[in-house]
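Input: a single structure, listed below in structure tokens.
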Number of protein chains: 2
Amino acid sequence: MIYNYESEDKVLLAVDCIIFGFDAEELKILLIKRDFEPEKGKWSLMGGFLKNHEALDDAANRILLHLTGINNVYMEQLYSFSKIDRDPGQRTLSVAYYALIKIEDHNEELNQQYAAEWFSVSEAPSLIFDHNIMVSRAINRLRYRASTEPIGFELLPKKFTMRQLQKLYEAILDEKLDKRNFINKINGLDILIKLDEKDKSSSRKGSFLYMFDEEKYSNKLEQGFSFKL
Amino acid sequence: MIYNYESEDKVLLAVDCIIFGFDAEELKILLIKRDFEPEKGKWSLMGGFLKNHEALDDAANRILLHLTGINNVYMEQLYSFSKIDRDPGQRTLSVAYYALIKIEDHNEELNQQYAAEWFSVSEAPSLIFDHNIMVSRAINRLRYRASTEPIGFELLPKKFTMRQLQKLYEAILDEKLDKRNFINKINGLDILIKLDEKDKSSSRKGSFLYMFDEEKYSNKLEQGFSFKL
DNA sequence: AATAATAAGTGTCAAAAATACATTTCCAAA
DNA sequence: TTTGGAAATGTATTTTTGACACTTATTATT
């Protein structure tokens, strides 16, 4: 007996992306104003529908690229949302993804070509459907992931200062950290390259720039090292 | 303008359940032999298809109930799998859930009414499709969850000994734990009720039985307590 | 009644990790 | 040369984790 797949229901599957950025010491999300009904004119996550011939990861990347021009960034599947009436227009499920992007690298295109806008996580407007729930789930996941894997760097410029890194973690974890303890911990991990360059934008003395040493990190990983912050 | 939902593809959405149990000091999963093509006769997770009128959580519960007679147990959504050809019969996505059940409470019905069989996680057969990947992801999730929330008790009888609890955590974490340190840690959490009863099945002295004190736990939760093992 | 067998139950010390905390240094601008 | 301001730096204390071995309670056996 072959299973009769035809007798089963098929569903519309949306993919929605929570896009995180970091700027001015704040964790931000990228939102768009929805330009069609239902809920036209309201703020929304970036979304689209899964096509028959693509995997979810691919759909998430396609949607991100299409709505922001951004490609090739860190993304992770978050959760699938399925409340019957979550979309008042039509029965739709949604698989949420979150992405981490370096705001500086993408600022211009976003503002000009796309109707997208950054909001500080704490001041974001209320969103359509269950998107607020998605965002808060994404923040939780980001908190966990950022304290067990070195993904914070995805939100910073390639070269960054210790202060930036600390402010980033403070924003993600939503708590103040002690500067000396933070630096000691980071240095203890031994996965950064300290450059000879300094960033002089914030002080006369200038502060040294660092880069994440991906190669060193993956070597250490193989030797049983585990990132913990 | 109203969005034209009709032009979007719809997909078949399966729900597969990884069902964990604990017995004889081992972490186990419940599998069934598939009785239809494709892959008829091979071992598989419990699965079914999402219906148009139900949410994923409800589908997972329905499928669990239908295939095992089990109801009302701990379940958590795990991940959505979408590789194009994951099911050779038909393009299908699958949302995986895992469940924790108390084997003792359900043993008879499972063996008699249903063609389900328990396998130790380490000795389970190779499964159809991407089910092996689902299982290993579920184990990871279970490890994390069990060390940050008191869900281990879902796998034990209502009354259990310290030794059982320790063996359970050893099985979940896949590492030996020190008896004294473990007991000290558990007692430090102060979320168990020590009963006057003893279990005499494993020694002449007998060992005290404990119960999880749900009420105490949720009170402590509200006061900022967080379970950590 | 004494003994033997077996798992249950119990505490301390040392090492490591986390936390709290204040001063000096460097550089450019005035 | 002085000054302002952020960057850089180390130590002492507390807390947590990890290692480790003997006594107790009970019943079955003699």
Side-chain angles (χ1 to χ4, degrees), chain A residues 24-25 143-144 146-148 150 156-157 159-211 220 224-229, chain B residues 24-26 143-144 146-148 156-157 159-211 220 224-229:
Chain A
E25 311 196 350
R143 254 170 218 162
Y144 169 63
S147 47
T148 55
L156 291 176
K159 302 174 179 181
F160 50 85
T161 66
M162 278 291 180
R163 182 190 161 83
Q164 281 178 291
L165 187 61
Q166 181 181 343
K167 290 294 171 187
L168 170 67
Y169 276 97
E170 289 182 345
I172 292 174
L173 303 174
D174 193 27
E175 58 177 323
K176 276 241 165 314
L177 301 173
D178 177 87
K179 178 163 57 161
R180 277 172 292 185
N181 293 339
F182 180 80
I183 291 174
N184 288 156
K185 211 174 212 170
I186 294 289
N187 285 332
L189 296 173
D190 186 31
I191 51 174
L192 295 189
I193 301 168
K194 182 174 187 172
L195 304 174
D196 283 334
E197 268 174 276
K198 282 188 165 187
D199 172 303
K200 301 240 176 163
S201 64
S202 65
S203 78
R204 290 176 178 158
K205 184 178 182 178
S207 58
F208 280 102
L209 288 165
Y210 293 80
M211 285 177 64
K220 297 191 81 159
F225 169 79
S226 83
F227 180 96
K228 280 272 165 241
L229 202 115
Chain B
E25 310 196 350
E26 284 187 315
R143 257 173 215 161
Y144 169 62
S147 48
T148 54
L156 292 177
K159 300 173 180 182
F160 51 85
T161 65
M162 278 289 179
R163 182 191 161 84
Q164 282 178 288
L165 188 61
Q166 182 182 342
K167 291 294 171 188
L168 169 67
Y169 276 97
E170 289 181 346
I172 292 174
L173 303 174
D174 193 28
E175 58 178 322
K176 276 242 167 311
L177 302 172
D178 177 86
K179 177 164 58 159
R180 278 174 291 185
N181 292 341
F182 180 79
I183 292 174
N184 288 339
K185 211 173 212 171
I186 294 289
N187 284 334
L189 296 174
D190 185 30
I191 52 173
L192 295 189
I193 301 166
K194 183 176 187 171
L195 304 174
D196 284 334
E197 268 174 277
K198 281 187 166 188
D199 172 304
K200 300 242 175 159
S201 64
S202 65
S203 79
R204 290 177 177 159
K205 185 178 181 178
S207 58
F208 281 101
L209 289 165
Y210 292 79
M211 286 176 65
K220 297 190 81 160
F225 170 80
S226 85
F227 181 95
K228 281 272 165 244
L229 202 114

Query raised in the report: Between atom NZ of K185(A) and atom CZ of R180(A), what is the distance when rounded to the nearest 0.5 Å?
Result: 15.5 Å

Query - Residues which pass salt bridge (charged side-chain N to carboxylate O under 4.0 Å, His left out) with K220(A), listed by chain and number, not counting sequence neighbours - result: D190(A)

Query raised in the report: To the nearest 0.5 Å, how far apart are OH in Y169(A) and CG in D174(A)?
Result: 15.5 Å

Report summary line: Those residues at least two apart in sequence (or on a different chain) that pass ring-ring contact (aromatic ring centres under 6.0 Å, His included) with Y144(A) are Y144(B)

Query raised in the report: Under a criterion of less than 4.0 angstrom to any heavy atom of chain A, what are the 5'-terminal and 3'-terminal contacting nucleotides of DNA chain C?
Result: dT19(C) to dA29(C)

Requested in this report: I would like to know whether K228(A) and T148(A) meet side chain to side chain contact (heavy atoms under 4.5 Å, CB included); could you show each step before the answer?
Outcome: CA-CA 5 Å; K228(A) 280 272 165 241; T148(A) 55; 3.2 Å; yes

Query raised in the report: Which pairs pass side-chain hydrogen bond (donor to acceptor under 3.5 Å, both in side chains) with one or both residues in residues 202-211 of chain A, sequence neighbours excluded?
Result: none

Report task. Decide, yes or no, whether a salt bridge links K179(B) with E170(B) under the criterion of side-chain N to carboxylate O below 4.0 Å. Result -> no

**Report entry** side chain to side chain contact (heavy atoms under 4.5 Å, CB included) against N184(B), all qualifying residues, sequence neighbours excluded
**Finding:** none

**Report entry** Minimal non-hydrogen separation, F227(B) against L189(B), with atom names
**Finding:** CE1-CD1, 3.7 Å

Report summary line: Angle separating the five-pair end axes of the helix from dA1(C)-dT30(D) to dA30(C)-dT1(D), nearest 10°, is 10°

Query raised in the report: chain B on DNA chain D: first and last contacting nucleotide, 5' to 3', under 4.0 Å to a heavy atom?
Result: dG18(D) to dA28(D)

Query raised in the report: Looking at residues at least two apart in the chain, or sitting in another chain, which of them share a ring-ring contact (aromatic ring centres under 6.0 Å, His included) with F160(A)?
Result: F153(A)

Report summary line: CG of N187(B) to NZ of K194(B), rounded to nearest 0.5 Å, is 8.0 Å

Query raised in the report: Measuring from L192(A):CG to M162(A):CE, what's the distance to the nearest 0.5 Å?
Result: 5.0 Å

Query - Interface residues of residues 190-207 of chain B with DNA chain C (non-hydrogen, below 4.0 angstrom) - result: S202(B), S203(B), R204(B), K205(B), G206(B), S207(B)

Query raised in the report: In residues 176-186 of chain A, what residues come within less than 4.0 Å of DNA chain C, judged by heavy atoms?
Result: D178(A), R180(A), N181(A)

Requested in this report: For N181(A), check side chain to side chain contact (heavy atoms under 4.5 Å, CB included) against everything at least two apart and list the hits.
Outcome: D178(A)

Requested in this report: First locate atom CG of L229(A), then atom CZ of R143(A), and finally report the distance between them rounded to the nearest 0.5 Å.
Outcome: 14.0 Å

Report task. For K159(B), enumerate each residue passing the salt bridge (charged side-chain N to carboxylate O under 4.0 Å, His left out) test, keeping only those at least two apart in sequence or located in another chain. Result -> E197(B)

